[in-house]
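Take a look at the structure set out below.
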Number of protein chains: 2
Amino acid sequence: MTRKAPTLEDVAREAGVSRATVSRVVNGIRNVDPAIRETVREAIARSGYTPNRAARSLVTRRAGTIALVVSGAGDDTGGERNEFAARALADPFFGRVVSGVVGFLRPRSTHPVLMFAESEDARQQVLAYLRQGSADGALVFSTHAEDPLPGLLAAESLPCVLFARPARPAPVTYVDLDHREGGRLAAEHLLARGCRRGATIAGPLDLPAAQDRLSGFQDTMARHGHPYVPIAEGGFTLDSGASAMKRLLAEHPDIDGVFAANDLMAQGVCQALRASGRRVPRDVAVIGFDDSSAALACFPPLTTVRQPMEEMAATMARLLQEQIEGKRTEPTSVIFEPELVRRESA
Amino acid sequence: MTRKAPTLEDVAREAGVSRATVSRVVNGIRNVDPAIRETVREAIARSGYTPNRAARSLVTRRAGTIALVVSGAGDDTGGERNEFAARALADPFFGRVVSGVVGFLRPRSTHPVLMFAESEDARQQVLAYLRQGSADGALVFSTHAEDPLPGLLAAESLPCVLFARPARPAPVTYVDLDHREGGRLAAEHLLARGCRRGATIAGPLDLPAAQDRLSGFQDTMARHGHPYVPIAEGGFTLDSGASAMKRLLAEHPDIDGVFAANDLMAQGVCQALRASGRRVPRDVAVIGFDDSSAALACFPPLTTVRQPMEEMAATMARLLQEQIEGKRTEPTSVIFEPELVRRESA
DNA sequence: CCGGTCCGGGAGAGCGCTCCCGCGCCGCGC
DNA sequence: GCGCGGCGCGGGAGCGCTCTCCCGGACCGG
């Protein structure tokens with residue numbers, strides 16, 4: 001802190017006008033004489049004026065900040081590291097989310113605050129943060145089915161938009177993917193390449209998304225004459241995918257195609273398959289889900305069902321913005337369509 | 001917005017005291033009669049009062065927020081997605097950073113704002129954000145050597161702490177790793193397992209960290225009778241690691257050990273090696289750097305040089321805090337020691 | 001030529017909070 | 001018994017901004 005930052009008042013004095021006029025120029029409100037506007041602009045440039053956000057927020061009751069909350073259940077160690085945060089961000093899917101959110105927010109000079117709500121304590125912090133107006137609303141990504149956060153947010157009518165349909169119906173806005181359709185795409189692709197013994201590794205079945213991916217896959221397989229498809233449940237992590245695959249292999253050694261409910265598990269599947277001496281895709285075809293960076297990091301690169309994460313995240317941000325501005329009061333939902341991305345694994 | 005949120009005034013009236021007293025209770029200042037304190041506490045609980053952060057910031061000139069800036073050079077497409085952000089977060093190393101930062105910040109009810117400074121425009125936004133007091137300081141992670149951001153920040157004496165020593169000496173606080181030592185650890189391990197033809201894939205050599213890892217490795221190899229070590233330069237990405245390995249293999253098919261300057265490149269190395277029919281670690285041992293989640297995602301799991309990222313990030317947050325509070329005015333640096341983590345790749 | 005309208009600009013009232021200052025009361029010392 | 005110090009509390013100013021009101025001048029129509 002060298003010297004005090006210039007205020008509106010200072011600029012006004014410098015330009016020989018009133019505070020109000022400078023404010024009008026800064027906020028781009030019309031009704032200002034072009035000549036005066038220029039004078040003010042110069043004065044602003046000369047003094048290096050930057051509006052004080054706190055003062056502005058105080059009167060506009062808007063923070064110009066939104067919270068990006070990763071919510072779920074975890075062990076709140078409270079130590080110098082936060083396992084939950086680490087795990088959430090380790091999911092390569094997250095990078096695309098942030099990319100989409102930032103893409104939308106930045107042109108509006110808004111920035112996301114990163115928060116984690118894995119414990120009751122943490123949830124209360126998120127709530128307090130929004131209540132006290134530090135952020136205008138929240139973008140919520142639940143990693144867990146029975147996440148209480150959306151309900152708490154809705155109860156205080158704090159603006160929020162969820163990623164994925166909540167497990168139990170609630171009057172909240174959300175953005176989601178047609179997961180059933182994704183499961184169908186995976187099944188059709190496996191069938192088309194001639195797989196006769198398809199299997200699947202589902203995500204945690206309390207999550208609607210995991211359920212839908214599974215049922216979309218199963219239904220399509222059934223419709224094509226494969227009513228019984230071996231299933232193992234995983235936890236959306238690499239390890240869980242690998243061990244689920246081992247279980248599947250133990251009972252059904254003749255599997256020739258696997259649909260994993262996300263890329264991380266598919267990566268684990270590839271590892272397990274390779275460890276068992278099988279080649280991908282020659283012996284067993286593997287399809288993932290998400291098209292996250294894991295799909296490319298995998299060997300071989302994964303054929304996968306792509307979620308348009310960036311657009312989805314940007315849409316979430318847009319819906320939240322509309323909610324904050326009061327343009328949209330009714331809960332809405334926007335469902336995106338998945339797309340099959342062909343690479344080498346299937 | 002149902003009804004107006006209660007203010008200090010409301011609570012004061014409710015408790016039959018003055019605003020000042022409530023403020024004292026809220027901020028935990030002594031000099032308040034225990035009985036009155038209790039009365040006020042109850043009134044706060046009853047009314048569900050939450051202090052308004054904007055108002056508080058306005059007078060304390062402190063935002064209670066810090067910026068977590070990923071800085072570097074990228075193509076600012078300005079579209080709905082932000083490639084730079086996506087790439088930065090795709091680096092699994094980032095999850096551990098956030099984990100460490102959040103671990104330190106959260107107990108202090110502070111939260112990080114995520115920002116990207118890959119273009120001049122974006123840099124100015126970061127600067128403006130700090131100038132206008134939206135954040136009290138910045139934690140800067142440069143992906144690029146000639147990053148102008150630290151200089152700009154220092155010029156306006158905005159509090160900041162860098163990850164890694166800046167390429168050109170500057171009076172800024174930073175936290176870093178003893179990269180030379182890391183390179184040494186890698187070399188010694190390779191030597192100890194009997195490698196005779198070690199090679200290395202360096203990071204972008206304009207980065208001091210990449211240079212140091214390389215020279216630590218080279219020097220140690222030289223000291224043990226291997227003055228000439230094949231080198232290829234990569235870009236810290238998986239693909240660059242794979243293609244660097246291919247180049248290396250073309251000229252030196254007898255390589256039996258590789259030190260890659262980060263895990264992502266090591267992962268690419270493993271893929272390239274496997275594609276060439278070599279087994280890891282049987283034919284070629286591979287060592288990575290970072291111990292990011294990529295180390296485990298790799299097949300086989302990587303032996304790697306671990307950076308204590310969480311502690312480093314937490315330390316950055318602590319140093320920044322001290323700077324903001326004015327407890328520390330002189331630039332400091334804290335250097336951490338790397339550690340070898342043995343897994344299967346070497 | 002006068003009244004009405006419109007538009008650019010200024011004055012001032014807060015937004016909710018912190019913090020300085022000062023007042024009254026209690027207790028201790030002379 | 002009176003004076004003085006200290007502690008607990010209230011009053012009030014003011015942080016920097018926005019926004020509503022109002023005023024004065026220009027312009028138009030009757």
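Note on naming: letters A, B, ... go to the chains in the order of the sequence lines (proteins, then strands), and numbering restarts at 1 for each one.
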Fill in the blank from the handout: Across all chains, not counting sequence neighbours, the ring-ring contact (aromatic ring centres under 6.0 Å, His included) partners of Phe94(B) are none

Problem - Under the salt bridge (Lys or Arg N to Asp or Glu O under 4.0 Å) test, residues paired with Asp10(B) that sit two or more places apart - result: Arg13(B)

Show the atom names and distances, to 0.1 Å, of all donor-acceptor pairs under 3.5 Å that link a side chain in residues 318-325 of chain A to residues at least two apart or in another chain.
from	atom 1	to	atom 2	distance (Å)
Arg318(A)	NH1	Glu322(A)	OE2	3.2
Glu322(A)	OE1	Arg328(A)	NE	2.7
Glu322(A)	OE1	Arg328(A)	NH2	2.6
Gln323(A)	OE1	Cys160(A)	N	3.1
Gln323(A)	NE2	Cys160(A)	O	3.3
Glu325(A)	OE1	Lys327(A)	NZ	3.0

Practice task
Please identify each residue that fulfils salt bridge (Lys or Arg N to Asp or Glu O under 4.0 Å) with Glu120(B), with sequence neighbours left out.
Solution key: Arg123(B)

Exercise for the section: Might you confirm whether atom CZ of Arg108(A) has over 12 heavy atoms from other residues, nucleotides or ligands at distances under 6.0 Å? Expected result: yes

Problem - Any Thr21(B) side-chain nitrogen or oxygen under 4.0 Å from OP1 or OP2 of dG10(D) - result: yes

For nucleotides 25-28 of chain C, tabulate all protein N/O to nucleotide N/O atom pairs closer than 3.5 Å, reporting atom names and distance.
none

Exercise for the section: Mind checking the CG-CD spacing from Asp33(B) to Glu38(B)? Nearest 0.5 Å is all I need. Expected result: 11.0 Å

Fill in the blank from the handout: Sorted by chain and number, sequence neighbours left out, salt bridge (Lys or Arg N to Asp or Glu O under 4.0 Å) with Arg61(B) holds for none

Problem - Five-pair end axes of the helix from dC1(C)-dG30(D) to dC30(C)-dG1(D), angle between them (10°) - result: 50°

Problem - Salt-bridge present (Glu118(B), Arg106(A); N to O < 4.0 Å) - result: yes

Exercise for the section: Could you tell me whether the side chains of Gln132(B) and Ser134(B) share a donor-acceptor contact shorter than 3.5 Å? Expected result: yes

Problem - Partner residues of Arg56(B) under the salt bridge (Lys or Arg N to Asp or Glu O under 4.0 Å) criterion, sequence neighbours left out - result: none

Show each protein N/O and nucleotides 15-18 of chain D N/O combination with a separation under 3.5 Å, one pair to a line.
from	atom 1	to	atom 2	distance (Å)
dC15(D)	O3'	Arg61(B)	NH2	2.6
dG16(D)	OP1	Arg61(B)	NH2	2.4
dG16(D)	N2	Ala55(A)	O	3.4
dC17(D)	OP1	Tyr49(A)	OH	2.4
dC17(D)	OP1	Asn52(A)	N	3.0
dC17(D)	OP2	Leu8(A)	N	2.4
dT18(D)	OP1	Asn27(A)	OD1	3.4
dT18(D)	OP1	Asn27(A)	ND2	3.1
dT18(D)	OP1	Arg56(A)	NE	2.8
dT18(D)	OP1	Arg56(A)	NH2	3.2
dT18(D)	OP2	Ser23(A)	OG	2.7
dT18(D)	O4	Arg19(A)	NH2	3.3

Completion exercise
Residue pairs meeting ring-ring contact (aromatic ring centres under 6.0 Å, His included), one or both in residues 21-48 of chain B, sequence neighbours left out, come to none

Completion exercise
Hits for ring-ring contact (aromatic ring centres under 6.0 Å, His included) against Phe163(B), two or more places apart or cross-chain, chain-then-number order -> Phe93(B), Phe141(B)

Filtered N/O pairs between nucleotides 6-8 of chain D and protein, under 3.5 Å:
from	atom 1	to	atom 2	distance (Å)
dG8(D)	OP2	Asn31(B)	OD1	2.9

